[in-house]
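A short write-up of the structure that comes next.
Just so we're clear, the structure is a prediction, and the values are computed from it rather than from any experiment.
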Amino acid sequence: MIVSCFPSPANAGAQRKPKCGAGAPVGAPRRRWAPASVGEGQQAEGQQAEGRACQGFTLVEVMVALLIFSIIATAGVALLSFSVRAQAASGARLDDLAALQRTLSILSADLAQATARPVRDEAGTVLPAFVGENGGGQPQNPAMLRLVRGGWTNLDAQPRAGAQKVAYQLADGDLQRIAYPRLDGAVPLPAAPLLTRVEGVAIRYRYRGAWSDRWDGSGGIALPQALELRLTRAGVEYRQLFLVGTGYVRVPEVAIAPG
C-alpha cells in the first residue's frame, strides 16, 4: 500500500487559503490566471469572493461620513428656514406697499372727481361741498376730510344721483373711508379701513399759490386747487400731492390786436 505525502488539490487549496486581509492590499489590481483545471478555477473564484467579503468601511470612516451628512443636513435646514422667513417678510412688505398704493389711488380718484355741490347733514344743516382739517379732526367730528365726488358708477341702475358724499377719518391708527348712500340727510355707511398703523396725518390745501391748513369753503371758493398729504407710518413719512377737481383754472384769454 502506497501512501502519498503530497496533499490533494482540494486539501492544498484549503491549506493555502489566505486569511482575511492577507495577500494583496485593498484596491490593488488583481491578476487574472487562466485555471489549468476545474479545481484550480474553483479555488481562484473562492479567493476572489473572499477578497470581496473582506473589503468594507471601518468605524471611523462611518462616523466621519455620518458627521459630514449631519453638517450638510443642518446647513440645508437652516437655509430653508431662512428662505421661508425671507419670503414671509417680503410678502408682508409687498402687501403693505400695495395697501398704501391702493389708499392713495382711492383718495386721488375721490379728489379728482370733487364737485362744488353743497350737502345737508342728518339734522338738515347745509354744509359746504368741501371741508378739510389739518389732521384727524375734532373729537366730536373725527372726519378730517369730507367732500362730494361725481362719477359714482350706478351698476345696479338704482334711482340715485351720480354723485356721492365721502369722508376720511383717522380712528385708532386706521385711516378709514366713510361713504353715504345719499347726498342729503343720510346716515353714513360703516367705515371701511384703508390703511392700518397710521401714526399721524397732516393735510394742507392750496389755492392760487397759497397754502392753508384748513378749508371750509369760505370766501365763496368751494374747492381748493390741490391738496398735500403727509402720512407717517412706522416712523416713515410719505408725502403726496393731489389735484382737486382736476385743479384746473382756465386762464382768461387775452385779445391780441392785429398789428
Atom CG in L223, atom OG1 in T115: separation rounded to 0.5 Å?
7.0 Å
Is the closest side-chain heavy-atom distance between L111 and Q113 below 4.5 Å?
no
N-O pairing of R93 and D95 below 4.0 Å
no
Once you round to the nearest 0.5 Å, how far does OG of S108 lie from CD of Q101?
9.5 Å
Give the minimum heavy-atom separation between E122 and P188, together with the two atoms involved.
OE2-CD, 3.4 Å
Any side-chain heavy atom of V64 within less than 4.5 Å of one from L66?
no
Are the side chains of T125 and R120 in touch, meaning some heavy atoms are under 4.5 Å apart?
no
Looking only at non-hydrogen atoms, find the nearest pair between Y205 and L227 and report the distance.
CE2-CD1, 3.5 Å
Below 4.0 angstrom, N of the basic side chain to O of the carboxylate: do R239 and E228 qualify?
yes
Between R197 and D174, is there a salt bridge with N-O shorter than 4.0 Å?
no
How many angstroms lie between atom OG of S105 and atom CG of L100, to the nearest 0.5 angstrom?
9.0 Å
Between L195 and L170, is there a shared hydrophobic cluster once you connect ILVMFWY residues whose side-chain heavy atoms come closer than 4.5 Å?
yes
Could you point out which residue of V201, L194, I178 forms a side chain to side chain contact (heavy atoms under 4.5 Å, CB included) with Y168?
L194
Measure the spacing between CG of L107 and CG of L175 and express it to the nearest 0.5 Å.
8.0 Å
Count I, L, V, M, F, W, Y as connected when their side-chain heavy atoms are under 4.5 Å apart, and connections chain through other members. Are L145 and I221 then in the same cluster?
yes
For Q164 and A179, the nearest pair of non-hydrogen atoms, with its separation, is NE2-CB, 3.4 Å
If two hydrophobic side chains count as joined below 4.5 Å and joins carry through other members, does L127 share a cluster with V148?
yes
So F242 and L229, do their side chains get closer than 4.5 Å, heavy atoms only?
yes
Out of curiosity, T58 OG1 to M63 CE, how far, rounded to the nearest 0.5 Å?
11.0 Å
Might you point out which heavy atoms bring L147 and A114 nearest each other, and give the distance in Å?
CD1-CB, 4.5 Å
Could you tell me whether a side-chain N or O of S83 sits under 3.5 Å from a main-chain N or O of L79, the two making a donor and an acceptor?
yes
Taking Y207 as the starting point, is it possible to reach I203 by hopping between hydrophobic residues whose side chains are less than 4.5 Å apart?
yes
Shared hydrophobic cluster for L183 and V187 (ILVMFWY, side-chain gaps under 4.5 Å)
no
Decide yes or no for D121 and V126: does some side-chain heavy atom of the first lie under 4.5 Å from some side-chain heavy atom of the second?
no
So CD of Q240 and OG1 of T103: to nearest 0.5 Å the spacing works out to 11.5 Å
Taking C-beta and beyond as the side chain, do V198 and L231 meet within less than 4.5 Å on heavy atoms?
yes
Distance-only, no hydrogens or angles: does the Q225 side chain make a donor-acceptor pair with backbone N or O of R208 under 3.5 Å?
yes
Within a 6.0 Å radius of atom CD on Q87, are there more than 12 heavy atoms belonging to other residues, nucleotides or ligands?
no
Answer yes or no: is there a donor N or O on one side and an acceptor on the other, between the side chain of S81 and the main chain of V77, under 3.5 Å?
no
Check step by step if side chain to side chain contact (heavy atoms under 4.5 Å, CB included) holds for R146 and V166.
CA-CA 6 Å; R146 186 180 66 250; V166 297; over 6 Å; no
All heavy atoms of P181 vs all of L189, minimum pair found to be CD-CG, 3.9 Å
May I ask you to decide if the ring planes of F130 and W215 are parallel, tilted or perpendicular, using 30° and 60° as cut-offs?
perpendicular
What are the two closest heavy atoms between A191 and Q169, and how far apart are they?
CB-NE2, 4.4 Å
Do any N or O atoms from the side chain of R233 and from the backbone of T196 form a donor-acceptor pair under 3.5 angstrom?
yes
Is a salt bridge present between K165 and D184, judged by a nitrogen-to-oxygen distance below 4.0 Å?
no
